[in-house]
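Please read the structure below before turning to the comments.
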2 protein chains.
Amino acid sequence: MNIGEASKASGVSAKMIRYYESIGLIRPPERSAASYRIYCDNEVHTLRFIRRARDLGFSVAQMSALLALWQDRSRASADVKSIAVQHIEDLERKAEALRAMSDTLKHLVQHCHGDDRPDCPIIAEFEKG
Amino acid sequence: MNIGEASKASGVSAKMIRYYESIGLIRPPERSAASYRIYCDNEVHTLRFIRRARDLGFSVAQMSALLALWQDRSRASADVKSIAVQHIEDLERKAEALRAMSDTLKHLVQHCHGDDRPDCPIIAEFEKG
DNA sequence: CTTGACCTTACCATGATGGGAAGCCCCATA
DNA sequence: TATGGGGCTTCCCATCATGGTAAGGTCAAG
């Protein structure tokens, strides 16, 4: 299977597959005589694992840890859980920060008449001492 | 006022002040004989404006538009409002995406016993076909 | 054999920020 | 007056995950 097919089968772009290989997240695959990367189902399986983790916002470093745990038959589920819990906290902290910004802005927007006049509480807020 | 003092007075790091200048968000200030940047209250005022907008998550491009509107005495508040409304939508979309990720993960975490056993629905989710 | 689709590597860009090095400058204190 | 420490300058590099592009090799179908 060429990289294009592996990409389609896994949902990870060819570009990112090469990138993940270059940073050591995945192992270099076999190569054809013409230096084409050749993937087997096993590797596509790994790529799908990566895609799912990535879709949940895990960083490359976290994915690397998760992959190691995945391949460790004697892993403790507690180890996986602690990575996930940590990540949930990160996600919630970030979501909360965004929410706080949008709440502040919504408040300002509500008080902006939004017409042809220059008077604007949003600008006033940014300008204030 | 040197860049360090302007930084303290505005809450924008010296590094970022130089960066904002380099990309044209702010005008190059006067220079001393020794090429030191010299800022006056006016410029610090602008920097504070920038910091407030940045703290609400506006991009440099948006801040540039907001600065132009700020300095335009005949602006329509509708123009400011529309930038803000657009940004609120962006923020909410991003917050929602993070929230969705964390909800999915929380669900998985709840079903992970998190002990010494390798059995783990989080890993299982990433692995599944 | 040609053509088009695919692959390879290598480099550049994003956005906002920080880090660091090399060198110059200014002020206060000994 | 000399010196030391801290601040300033520019320039380059790194982040993080991703995309783009260019130059060149390869493969398969017609």
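To find a chain, count down the sequence lines: A is the first, B the second, and so on, and within it residues start at 1.
- In this model, the phosphate group of D:dG19 is approached by a side-chain N or O of A:Ser13 to a distance below 4.0 Å at OP1 or OP2.
- The CD-P distance, from A:Glu21 to D:dA17, rounds to 17 Å in whole Å.
- Looking at heavy-atom distances under 4.0 Å, A:Arg37 makes contact with sugar-phosphate atoms alone, never a base.
- A:Phe58 comes within 4.0 angstrom of no nucleic acid atom, judged by non-hydrogen atoms across all strands.
- C:dT8 atom P lies 6 Å from atom CZ of A:Arg31, rounded to whole Å.
- Rounded to whole Å, atom P of D:dG19 lies 7 Å from atom CE of A:Met16.
- Looking only at side-chain heavy atoms (C-beta outward), A:Lys94 and B:Lys94 stay at 4.5 Å or farther from each other.
- Residue B:Arg52 holds its CZ atom at 12.0 Å from OG1 of A:Thr104, rounded to the nearest 0.5 Å.
- Comparing B:Ile23 and A:Ala34 by the nucleotide of DNA chain C that holds the closest heavy atom to each, the one mapping nearer the 5' end is A:Ala34.
- Residue contacts for B:Ser59: at a heavy-atom cut-off of 4.0 Å it reaches the sugar-phosphate backbone alone, with no base atom in range.
- In the interface, the side chain of A:Tyr36 is paired with the base of D:dG25 through a donor and an acceptor atom under 3.5 Å apart.
- Remark: aromatic rings of A:Phe49 and A:Trp70 are close, center separation under 6.0 Å.
- Under the 4.5 Å side-chain criterion, counting only non-hydrogen atoms from C-beta, B:Leu25 is not in contact with B:Tyr19.
- A close approach under 4.0 Å does occur between a side-chain nitrogen or oxygen of B:Tyr20 and OP1 or OP2 of C:dT17.
- Rounded to a whole Å, the OH atom of A:Tyr19 is 18 Å from the P atom of C:dT8.
- Using a 4.0 Å heavy-atom criterion, one finds that A:Arg54 contacts the sugar-phosphate atoms exclusively.
- What separates CD1 of B:Ile3 from P of C:dC26 is a distance of 16 Å, to the nearest Å.
- Taking atom CD of A:Glu5 as the reference point, atom P of C:dC6 lies 10 Å away to the nearest angstrom.
- Atom C1' of nucleotide C:dC6 and atom NZ of A:Lys15 are separated by 14 Å, given to the nearest angstrom.
- Regarding B:Ile17, its CD1 atom lies at a distance of 14 Å from the C1' atom of D:dT9, rounded to whole Å.
- Between A:Cys120 and B:Arg75 the shortest heavy-atom distance is CB-NE, 4.5 Å.
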